[in-house]
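Numbers here simply count residues along the sequence, with the first being 1.
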Amino acid sequence: MKVSAERIPQSQVVLQIEVEPERVEKSLDAAYRRLVQRASVPGFRKGKAPRAMLERHLGRDVLLQEALDRLIPEVYREAVEAEEIEPIELPELEMVSTEPLVMKATVPIRPTIELGDYRSLRVPREPVVVPEERIDEALEGLRHRYANLEPVERPVRWGDFIRIDASISVGNRRIIEQKDVEFPLREGASVYLPGFADRLVGLEKGQESEFVLPVAEDYGDAGLAGKECACRVVVHEVKEEKLPPLDDSFARQVGEGFASLDALRERLAADIREAEEQAAMDRYRAEVISVLEKNARLEYPPVLVEKEVDRMLREQAGPRGDGDLERYLQRAGKSEEQLREEMRPLAEQRLRRSLLLSKVAEVENIEVDESEVGQEIERMASSAGPQADEIRRLFDNPGGREAIQGSLFTRKTWDRLIEIVSGAEPAEGDEETGAEEEE
């Protein structure tokens with residue numbers, strides 16, 4: 001057997017394998033012995049037809065394919081072993097010729113990941129500030145949530161809650177038909193169609209109104225874009241919001257109850273800060289991985305991108321199998337190939353960033369031992385209150401522990417990377433100095 005190997009871009013190796021005729025002939029004989037036991041050749045009992053008669057009856061292509069089905073995996077395995085190649089997925093096979101038997105295998109191998117001098121990278125962190133206006137907005141939202149709605153006998157104003165019948169048609173096609181629907185009339189909010197809410201202001205209880213709304217050419221719904229919609233509205237009720245005063249009494253009504261308005265403000269500030277810190281951390285991680293990616297050299301086989309697309313499709317369709325994918329495709333109104341094409345850029349981004357993080361973990365010797373997994377399960381259980389035992393049952397098993405281990409591994413890798421790029425890691429030489437001072 002003759003084998004040549006050529007490394008090509010995107011972490012792939014092309015093997016050209018030529019199999020000696022004698023080995024092909026032996027494989028054809030073996031294929032004949034298998035087929036003759038199953039085939040019914042006129043004039044011969046099963047298993048007794050000569051090879052020439054079997055070939056004439058079935059065709060040489062059938063015999064050859066039977067032989068290649070066994071021979072190709074054998075010679076491919078021998079070739080990768082001889083060339084000391086470690087495939088990470090199945091190869092792409094191409095039959096160059098059958099006489100002599102020459103095949104080409106494009107073999108995906110492990111990605112090449114070079115981080116460069118990542119420890120010298122620095123990414124500044126943005127400070128998190130909670131302005132008083134955000135707390136005021138949150139308080140105002142709570143006032144609306146705890147407001148009383150009182151029926152009024154006057155024309156509709158912005159901020160009212162109204163109950164209406166609504167129908168909207170395009171030509172002879174009815175696109176909206178709702179009876180006795182209630183919603184808040186917020187200025188700037190879109191109700192059904194742009195401009196629809198504006199036409200409700202000034203109407204009165206019991207009043208019926210008909211009007212036509214033109215829809216912009218760039219409207220998100222292609223079925224309505226550029227069309228004229230005929231609208232009909234009947235107002236059944238108008239309610240006005242009566243907002244509670246912002247005082248200690250109001251604070252005591254909110255949630256579990258707060259001793260004072262100041263205490264409520266403090267809680268809102270803490271909640272907003274927590275949300276802002278998480279959002280800031282998400283932005284910071286995205287910036288960190290982007291800087292790391294620009295500093296690195298990455299090469300990987302295309303098959304890994306396709307596997308990531310497969311994973312994204314499963315995530316979109318749900319965990320229950322192929323039936324769900326078919327229903328998802330129907331809902332999306334797209335073919336699988338269209339969705340795959342749309343998902344490929346994001347899949348590639350996810351793959352690149354996953355490979356980078358894995359390399360950081362490898363270089364930084366990140367590990368998660370069983371005791372850390374157990375501690376994490378106990379931490380989750382202790383914060384779950386009455387559901388503590390349920391949390392333990394959910395995660396204290398091989399599958400659950402593996403999931404926790406993966407989560408901790410990713411978290412520790414991110415913590416280490418952020419420690420480096422934020423400048424929290426001591427500069428070289430400082431560690432020795434610190435150790436001397438400690439001694």
Self-check item: Heavy-atom donor-acceptor pair, Thr112 side chain to Glu299 backbone, under 3.5 Å
Solution: no
_Between Arg273 and Glu277, does any side-chain N to carboxylate O distance fall below 4.0 Å?_
yes
- Intermediate values then yes/no, side-chain contact (heavy atoms from CB on, under 4.5 Å), Ile289 and Leu357: CA-CA 8 Å; Ile289 202 73; Leu357 282 178; 4.0 Å; yes
Worksheet item: Between Asn397 (side chain) and Arg393 (backbone), is there a donor-acceptor pair under 3.5 Å?
Response: yes
Counting C-beta onward and ignoring hydrogens, is there a side-chain heavy-atom pair between Val75 and Glu18 closer than 4.5 Å? no
Worksheet item: Counting distance only, does the side-chain N/O of Lys412 pair as donor-acceptor with the main-chain N or O of Glu367 below 3.5 Å?
Response: yes
Using only atom types and a distance under 3.5 Å, with no angle test, would you say the side chain of Asn295 pairs donor to acceptor with the backbone of Leu115?
yes
query: Are any of the side-chain heavy atoms of Gln12 and Val107 separated by less than 4.5 Å?
result: no
OG1 (Thr410) and CD1 (Ile366) are apart, to the nearest 0.5 Å, by 10.5 Å
Item to check | Glu126 atom CD: more than 12 heavy-atom contacts under 6.0 Å | outcome: yes
Strictly below 4.0 Å, N to O, side chains only: are Arg125 and Glu287 in salt-bridge contact? no
| field | Tyr118 versus Glu364, side-chain donor and acceptor atoms under 3.5 Å | value | yes
side-chain contact (heavy atoms from CB on, under 4.5 Å) between Tyr284 and Val421: does it pass, once the steps are laid out? CA-CA 11 Å; Tyr284 185 66; Val421 300; 3.6 Å; yes
Check whether any side-chain heavy atom of Glu20 lies under 4.5 Å from a side-chain heavy atom of Met1, and answer yes or no. yes
Run Leu356 and Lys359 through side-chain contact (heavy atoms from CB on, under 4.5 Å) and show every step you take. CA-CA 5 Å; Leu356 287 169; Lys359 190 64 176 179; 5.8 Å; no
- [ ] Please say whether the positively charged group of Arg51, taken as NZ for Lys or CZ for Arg, lies over the ring of Tyr32, i.e. under 6.0 angstrom from the six-membered ring centre and within 45 degrees of the axis.
- [x] no
With Glu376 as partner, the option from Arg401, Arg411, Arg392 fulfilling salt bridge (Lys or Arg N to Asp or Glu O under 4.0 Å) is Arg411
Residues 340-353 vs side chain to side chain donor-acceptor pair (under 3.5 Å), sequence neighbours excluded, gives Glu293-Arg352, Tyr300-Glu348, Tyr300-Arg352, Glu306-Arg340, Glu306-Arg344, Glu308-Arg350, Asp310-Arg340, Glu315-Arg350, Lys334-Glu342, Glu341-Arg344
Looking at Arg110, I'd like to know if its CZ atom is crowded, meaning that more than 12 non-hydrogen atoms belonging to other residues, nucleotides or ligands lie closer than 6.0 Å. no
Item to check | Side-chain heavy-atom pair Leu417, Val288 within 4.5 angstrom cut-off | outcome: yes
dist Lys104:NZ -> Ser4:OG (nearest 0.5 Å) comes out at 9.0 Å
Discussion item. For Glu402, is the CD atom crowded, meaning more than 12 foreign heavy atoms sit under 6.0 Å from it?
Written reply: no
On a heavy-atom basis, the closest approach of Val130 and Ala269 is CG2-O, 4.3 Å
Do Gln65 and Asp61 get their side chains close enough for a donor-acceptor pair, meaning under 3.5 Å? no
I'd like to check Trp158 versus Arg186 (side-chain heavy atoms, cut-off strictly below 4.5 Å). Are they in contact? no
Any sub-3.5 Å donor-acceptor pair from Arg122's side-chain atoms to Arg119's backbone N or O?
yes
Note: Pro91 and Ala105 closest approach over all heavy atoms is CB-CB, 4.3 Å
- Task: Verify the neighbour count for atom CZ of Arg297: are there more than 12 heavy atoms of other residues, nucleotides or ligands below 6.0 Å?
- Result: yes
Glu372 (side chain) donor-acceptor with Asp369 (main chain) under 3.5 angstrom: yes
query = Salt bridge between Asp29 and Arg34, side-chain N to carboxylate O under 4.0 Å?
reply = no
Could you tell me whether the side chains of Ser167 and Arg232 share a donor-acceptor contact shorter than 3.5 Å? no
| said: Taking Glu241 first and then Arg143, would you say they form a salt bridge - that is, a charged N and a carboxylate O separated by under 4.0 Å? | reply: no
In terms of heavy-atom contacts, Glu177 and Lys179 come closest through OE2-CE, 3.7 Å
Looking only at heavy atoms, the pair that brings Pro194 and Leu213 closest together is O-CD1, 4.0 Å
Taking the side chain from Ser358 and the backbone from Ser354, do they hold a donor-acceptor pair closer than 3.5 Å?
-> yes
Original post:
Going by atom types alone, do Tyr192 and Gln178 pair a side-chain donor with an acceptor below 3.5 Å?
Top reply: yes
Side-chain (Ser407) to main-chain (Ala403) donor-acceptor, under 3.5 angstrom = no
Main chain of Leu101, side chain of Thr98: is a donor-acceptor contact present, judged purely on distance under 3.5 Å?
no
Between the CD1 atom in Ile88 and the CD1 atom in Ile109, the distance rounded to the nearest 0.5 Å is 8.0 Å
ask   = Does CD in Gln37 sit with more than 12 non-hydrogen atoms of other residues, nucleotides or ligands closer than 6.0 Å?
value = yes
Working for salt bridge (charged side-chain N to carboxylate O under 4.0 Å, His left out), residues Glu66 and Arg38: CA-CA 12 Å; Glu66 175 73 18; Arg38 306 195 300 265; 3.7 Å; yes
Would you indicate whether Glu84, at its atom CD, is surrounded by more than 12 heavy atoms from other residues, nucleotides or ligands within a distance under 6.0 Å?
no
Interatomic distance, OG1@Thr106 vs CD@Gln10, rounded to 0.5 Å, equals 11.0 Å
A quick test of your reading: do over 12 heavy atoms of other residues, nucleotides or ligands sit less than 6.0 Å from CZ of Arg23? yes
Q: For residues Lys2 and Ile17, determine if any side-chain heavy atom of one lies less than 4.5 Å from a side-chain heavy atom of the other.
A: no
**Asked** Are Leu15 and Val13 close enough that some pair of their side-chain heavy atoms sits under 4.5 Å apart?
**Response** yes
Q.
Quick check: do Leu142 and Leu264 have side-chain heavy atoms less than 4.5 Å from each other?
A. yes
Just checking Arg56: does its CZ atom have more than 12 heavy atoms from other residues, nucleotides or ligands closer to it than 6.0 angstrom? no
Heavy-atom closest pair (Tyr146 atom, Gln253 atom, distance to 0.1 Å) is CE2-O, 3.5 Å
* **Audit row: Glu276, Arg134, salt bridge (charged side-chain N to carboxylate O under 4.0 Å, His left out) steps and yes/no** => CA-CA 11 Å; Glu276 286 296 312; Arg134 288 288 307 279; 3.0 Å; yes
> Does Gln338 reach the main-chain N or O of Ser335 with its side chain, forming a donor-acceptor pair under 3.5 Å?
Replying inline: yes
Stepwise side-chain contact (heavy atoms from CB on, under 4.5 Å) test for Asp396 and Ile391: CA-CA 8 Å; Asp396 201 2; Ile391 291 294; over 6 Å; no
Between Asp180 and Asp165 the two heavy atoms that sit nearest each other are N-OD1, 2.7 Å
